[in-house]
Amino acid sequence: MAHCIVYADRRWQELVVRLKNIEIRWFPKAKDVLSRDGTNNPYDQAQETIRREIRKFRKSAYLAYAHFPMPDRYARRETTLEATARSIGLSLKEAARPYLPVAPEDLAWAEGYLKEHGLEAGKFVLVSPYSWENKRWGKENFSRLIDLLRDRLHLRSVVVSYPEIGPFDNPGVVLAYNLSLGQISGLMQLAGLYIGLDSGPSHMAAFFDLPVIVVFIEKRTFPFEVRPLTPSGLYVVESFFSTRSMPNVETVLGAVTVLLSSKKKFPIPECPMCTKPMQYVLGEANPGALRLMCSCGLSFEHDITSTGRVEKNTSFPERNFLEENDYNFAEQSWTPENLRSVQSRIEKNAPERVNFLLEKPDKKEWGAGDFPPGYLDICPDSIWEWMWRKGYRIERIELSQDRTRLSFSRGKGENRHHRNPARLRIPWGNTLLASTEFQYLRWFSYGTWGTPASLVGIVKGQAELSAWPTEIRGCAWTAFLAQKSMRSLRWLIKGFFWGLKRQK
Ligand SMILES: [Zn+2]
């Protein structure tokens with residue numbers, strides 16, 4: 001029986017002390033959204049203390065969780081939480097969810113609160129509009145949303161926040177300011193929907209089987225890294241993928257419609273390439289539709305009109321492939337059904353060669369209006385990963401002005417597991433990446449989200465974890481070619497010597 005010592009953050013004290021069978025130590029005081037004192041990195045400051053404590057019990061104490069920058073976490077589109085768990089050999093699989101110790105008295109309190117304000121369980125929206133300044137969506141946007149929720153969907157809102165945000169005077173709104181974390185969790189248990197930002201309460205909401213909408217504002221962190229882990233959540237990433245600074249109110253309302261209009265428990269469509277739920281909301285391109293995206297980059301014009309019927313105004317010609325196994329995703333519109341028929345055809349016939357023609361991906365502009373509702377926008381990463389799983393290897397990538405052509409071949413016998421060792425030029429974000437196939441799929445297959453600056457982070461992670469000596473140099477070279485800066489040059493040199501040292 002292990003003795004668990006947990007280092008925790010004081011901001012969560014109220015909930016952490018409810019956990020049984022653990023001994024708690026506290027991190028140095030962390031900054032919260034209101035205070036000016038405290039540190040930004042309580043974990044870093046506690047590290048030395050933790051090390052000392054472990055040293056005392058040599059060979060019988062283990063560090064189960066720390067900052068492990070798994071360098072392939074982007075390519076897997078993992079949250080930092082999942083990546084850290086993986087680094088210590090803990091498999092969370094698809095079922096990773098946060099845990100919240102809800103007390104019976106919290107629920108009793110929340111029931112009383114609802115009664116007092118004439119609210120009905122399951123019929124109100126819990127809105128959490130406050131976070132760090134760079135993550136705020138703006139009070140006006142929330143205020144407009146609260147009105148739209150009431151006028152169009154007959155839903156009243158309960159705002160949980162600090163008084164610092166100021167009052168909301170929308171008709172029917174309830175201001176629940178200065179609640180304890182327990183009280184907030186009680187309200188979450190009774191709410192019909194939660195709308196919040198990239199902040200603590202959103203991760204609390206993810207514990208419940210509650211439709212959750214998280215609006216991401218900050219453009220530096222990839223939203224998938226910090227997303228609250230819930231299968232019933234939509235993440236509004238409109239501003240991450242556009243030049244606009246804030247997502248539109250209509251986009252968030254569209255996300256509400258997706259979650260609430262269906263009778264299904266999990267109404268979020270599944271990615272036809274990697275089968276994950278398409279939880280990222282890019283915005284409205286067509287009236288009555290909302291562009292949903294999978295973390296692999298494939299996106300879909302999801303119909304959100306009340307009829308639920310898709311007006312297919314572009315018919316799909318049965319056979320207009322260039323050749324037998326050429327698939328043109330650039331000039332024709334594809335529905336999930338069409339794609340599935342192509343997939344089963346490849347699986348069944350296992351042709352030796354398969355070619356795909358695609359639009360050149362462009363991270364910042366996602367082609368508003370190009371695809372009518374019901375249609376897919378397919379990207380290189382999603383095809384490539386799917387083809388790799390089916391035993392195909394990339395042979396060639398041809399680039400023209402606005403097109404990308406991917407050519408795959410299926411090796412036979414011993415060649416089946418061959419890797420294409422050639423360094424390819426791969427369209428990636430708004431740039432091109434020089435990388436081999438294996439390297440690409442292992443480290444860089446996040447082209448839809450990609451920023452060249454993040455590439456150096458991969459090399460840094462490899463060095464920090466003292467692993468992958470044969471790959472660090474190649475990755476450092478890729479990072480340098482994608483963005484020639486002092487930082488990437490420094491890591492190119494470091495990576496070179498570090499790889500040399502390790503290979504001896
Ligand atoms: Zn996918």
Side-chain angles (χ1 to χ4, degrees), residues 72-79 82-83 92-96 214 216 222-238 240-241 255 258 266-283 285 289-303 327 329-330 333-344 346-347 354 356 358-359 361-363 366-367 370-371 373-392 394 404 406 408 426-429 437 440-450:
D72 55 350
R73 66 188 189 279
Y74 299 145
R76 290 166 179 257
R77 275 90 62 184
E78 280 174 330
T79 55
E82 290 165 300
L92 299 175
K93 301 215 176 92
E94 301 291 309
V214 184
F216 286 89
F222 301 139
F224 66 78
E225 279 197 277
V226 289
R227 71 184 194 273
L229 289 161
T230 165
S232 52
L234 284 175
Y235 316 114
V236 178
V237 294
E238 187 175 32
F240 188 85
F241 286 99
V258 173
F266 299 116
I268 303 163
E270 201 176 71
C271 172
M273 283 295 191
C274 67
T275 70
K276 288 190 183 122
M278 302 178 66
Q279 291 181 290
Y280 300 87
V281 180
L282 294 179
L290 197 68
R291 179 76 67 104
L292 300 181
M293 193 182 86
C294 172
S295 68
C296 74
L298 178 141
S299 64
F300 176 59
E301 276 294 299
H302 186 67
D303 180 73
Y327 299 103
F329 290 108
S333 302
W334 289 68
T335 63
E337 294 72 41
N338 298 147
L339 179 64
R340 264 177 220 121
S341 78
V342 166
Q343 285 171 322
S344 56
I346 293 172
E347 281 165 340
V354 186
F356 296 96
L358 296 145
E359 299 242 8
D362 190 342
K363 177 175 172 283
W366 45 275
D370 286 353
F371 296 84
Y375 288 89
L376 294 162
D377 187 1
I378 300 165
C379 72
D381 284 349
S382 52
I383 289 186
W384 199 342
E385 287 189 8
W386 189 83
M387 291 296 280
W388 173 271
R389 285 201 301 275
K390 299 292 160 192
Y392 284 84
I394 195 107
T404 305
L406 303 177
F408 294 89
I426 304 161
W428 193 87
E437 173 175 48
Y440 183 78
L441 292 176
R442 185 165 195 190
W443 310 109
F444 308 128
S445 61
Y446 60 102
T448 309
W449 306 87

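Atoms within each ligand, like the ligands themselves, are counted from 1 in listed order. Nothing here was measured: the structure is a model prediction, and the numbers come from that model.
A donor-acceptor pair under 3.5 Å is formed between the side chain of W428 and the backbone N or O of F444. In this structure, Q279 contributes its side chain and G233 its backbone to a donor-acceptor pair below 3.5 Å.
Between the side chains of D381 and Y440, at least one donor-acceptor pair of N or O atoms lies under 3.5 Å. In this structure, a donor-acceptor pair under 3.5 Å is present between the side chains of E437 and W384.
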- request: Verify side-chain hydrogen bond (donor to acceptor under 3.5 Å, both in side chains) between S341 and N338, making sure each step is shown before the conclusion.
  value: CA-CA 5 Å; S341 78; N338 298 147; 5.3 Å; no
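Residues passing the side chain to side chain contact (heavy atoms under 4.5 Å, CB included) test with S232, sequence neighbours excluded: T230, F266.
Protein N/O/S atoms nearer than 2.8 Å to the Zn ion (ligand 1) total 4.
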